[in-house]
Amino acid sequence: MNPFLHNHQEDEGSFPERLHIRHALASRKAVVPDVDSEWKRLRDRIEEREEAERRRHAKRRLIRAGIAAAVAVVVAVAGIIIMLTPSAPDHGGGMELYIAEAPKGGCITVTTSGGVKRVVAPKVARNAPSVIDNDGCPEDMVVIEIPAGQEFAVMLPDSSRVWLWANSRLEYPAQFEGTERVVTLCGDAYFDVAPSAERPFIVHTEYFNTRVYGTEFVVRASERKNAEVLLVEGCVGVSTGVDGEEAARLQSGQEASLTPEGFDVTDFDPYPLQQWRDGMFFFEDNELLDVLVTLGKWYGVSIVAYNDEVLRRRVHFVADRTGDIEPVIEDLNAILSGRKVVYENGQISLY
């Protein structure tokens, strides 16, 4: 309560004082106000102000309480996120060139209508394409999945051959029927397609389609930024979109790289691809960065550089891809004078 109003209420019964005020005003011939009404009006205004002040204080308390609660929630959620988020690996100042995914197992899996088969001899398959038996109906599909560090060669129902490389997946029908032979690829593969003018061979990927007229070629479709078709021999057409309209046609020794505007067609030397088909790492005048990242993707290991001065150095490097990683690292060190590549604990490090 306002002190002024409190004191007034204590003296409210002082009638003589109010009477004295009336006589004084009357002696000056002024209009005599109603003192009781004026005191009431003043008291009402004071009470209104006090009520407004109480409401403002209450509102401020509610706002402060709401802000405090919101801050507490944010802090709690942030703490949960920090606890649940795996910490990034500490490479002691090294630069991460490639971070491998968690291994998904080392077996090649072949899924057919009869169940799941595990192929345990991929090295044999590299030299002689395997024929996958399927006990189901002709329209049933066969799916082959290749993990890191493995590859597989398969003979398709039309006698076409496919070399599937690491981290790749191929899906095709147990029997080709109709006017087209269609397969779906995710990853990288080398195709040697049996010719058939009546039934073109089509490779579907996430990024483009390749129509084949009997030829040898490579499709790389692991990621959009590096998606391309490399024609070793014969003729292919490439297209994007649902309409299937041909965007470019390649001749032997040409490659088509996917760009935001379409395809960029250039010439290339097919010899390195043939070496890859035959089980070799083959790099001709490639940057060391490309070599290291390729090894990381192939073997499913992370790559960290503690010295990045030589990453742009162009190298010629050839190694057997069918064996373990350690001999490949030894061969790589042999061409890097003054630098060292180390493989340990699932990581390749460049010093």
Side-chain angles (χ1 to χ4, degrees), residues 97-101 103-110 118-130 144-155 161-170 185-192 216-223 226 228-230 232 255 268-303 311 313-336 341-344 346-350:
L97 304 181
Y98 175 74
I99 302 302
E101 296 180 356
K104 301 177 181 178
C107 294
I108 298 172
T109 61
V110 180
R118 295 193 176 273
V119 180
V120 295
K123 292 183 179 181
V124 175
R126 290 189 182 105
N127 301 321
S130 298
I144 304 176
E145 296 179 277
I146 315 299
Q150 301 280 7
E151 58 185 337
F152 189 75
V154 60
M155 183 81 74
R161 297 179 296 173
V162 183
W163 284 262
L164 285 166
W165 291 332
N167 302 304
S168 298
R169 181 181 187 273
L170 181 70
L185 172 69
C186 177
D188 305 335
Y190 187 108
F191 291 84
D192 182 0
E216 290 188 36
F217 63 102
V218 169
V219 174
R220 290 176 176 160
S222 297
E223 51 187 359
N226 295 322
E228 60 183 353
V229 178
L230 302 98
V232 176
E255 62 177 306
F268 80 104
D269 181 7
Y271 180 74
L273 290 180
Q274 295 167 325
Q275 295 298 301
W276 272 78
R277 178 197 60 192
D278 296 335
M280 303 295 293
F281 286 119
F282 191 97
F283 299 93
E284 181 65 55
D285 195 34
N286 289 86
E287 291 184 349
L288 179 60
L289 173 63
D290 296 332
V291 176
L292 292 173
V293 172
T294 299
L295 295 181
K297 291 181 178 180
W298 182 263
Y299 289 107
V301 299
S302 297
I303 309 293
L311 291 177
R313 179 191 295 181
R314 308 195 79 85
V315 298
H316 174 80
F317 179 61
V318 180
D320 185 0
R321 200 175 68 249
T322 63
D324 296 328
I325 189 174
E326 287 80 6
V328 177
I329 298 300
E330 292 180 10
D331 292 343
L332 187 57
N333 278 316
I335 67 171
L336 296 178
V341 179
V342 176
Y343 171 69
E344 59 182 2
Q347 176 180 299
I348 296 176
S349 302
L350 172 65

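Heavy atoms only: backbone and side chains are in, while hydrogens, waters and symmetry mates are out.
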Here the gap from Asp188 atom CG to Arg169 atom CZ, rounded to the nearest 0.5 Å, amounts to 15.0 Å
Looking only at heavy atoms, the pair that brings Pro147 and Ile108 closest together is CD-CG1, 3.9 Å
Looking at CD1 of Ile144 and CG of Leu170, how far apart are the two atoms once the value is rounded to the nearest 0.5 Å?
5.5 Å
Going through the checks in order, is the side chain to side chain donor-acceptor pair (under 3.5 Å) test met by Glu216 and Tyr190?
CA-CA 7 Å; Glu216 290 188 36; Tyr190 187 108; 2.5 Å; yes
Paired with His316, the ring pair (Phe, Tyr, Trp, His ring centres under 6.0 Å) test is passed by just one of Phe283, Phe282, Phe281, namely Phe282
So CG of Asp331 and CG of Leu336: to nearest 0.5 Å the spacing works out to 11.0 Å
Closest heavy-atom pair, Gly149 versus Ala166, reported as atoms and distance to 0.1 Å, is N-CB, 3.7 Å
Step by step, would you call Trp163 with Asp192 a side-chain contact (heavy atoms from CB on, under 4.5 Å)?
CA-CA 9 Å; Trp163 284 262; Asp192 182 0; 3.9 Å; yes
Please assess Trp298 against Val328 for the test side-chain contact (heavy atoms from CB on, under 4.5 Å), listing each intermediate value before the final yes or no.
CA-CA 12 Å; Trp298 182 263; Val328 177; over 6 Å; no
I'd like to know if the side chain of Asp269 and the backbone of Tyr271 have a donor-acceptor N/O pair within less than 3.5 Å.
yes
Examine distances only and state if a side-chain atom of Ser168 and a backbone atom of Ile146 form a donor-acceptor pair shorter than 3.5 Å.
no
Side chain of Arg220, backbone of Asn226: donor and acceptor closer than 3.5 Å?
no
Separation between CG (Leu289) and CZ (Arg314), nearest 0.5 Å, reads 10.5 Å
Val219 side chain near Phe191 side chain, heavy-atom distance below 4.5 Å:
yes
Nearest non-hydrogen partners of Ser302 and Ala100, listed with the distance
OG-N, 3.1 Å
For Thr294 versus Trp276, what's the shortest heavy-atom pair and its separation?
CG2-CH2, 3.6 Å
For Ala189 and Leu164 the tightest heavy-atom approach is CB-CD2, 3.9 Å
Nearest heavy-atom approach of Arg321 to Tyr299 is O-OH, 4.2 Å
Is any side-chain heavy atom of Leu185 closer than 4.5 Å to one of Val162?
no
For the backbone of Lys297 and the side chain of Asn167, can you confirm whether one donor and one acceptor N or O come within less than 3.5 Å of each other?
yes
Taken to the nearest 0.5 Å, the spacing of Leu292 CG from Asn286 CG works out to 11.5 Å
Min side-chain heavy-atom separation Leu332-Leu295 under 4.5 Å:
yes
Inter-residue atom distance Asp320.CG - Met280.CE, 0.5 Å rounding:
5.5 Å
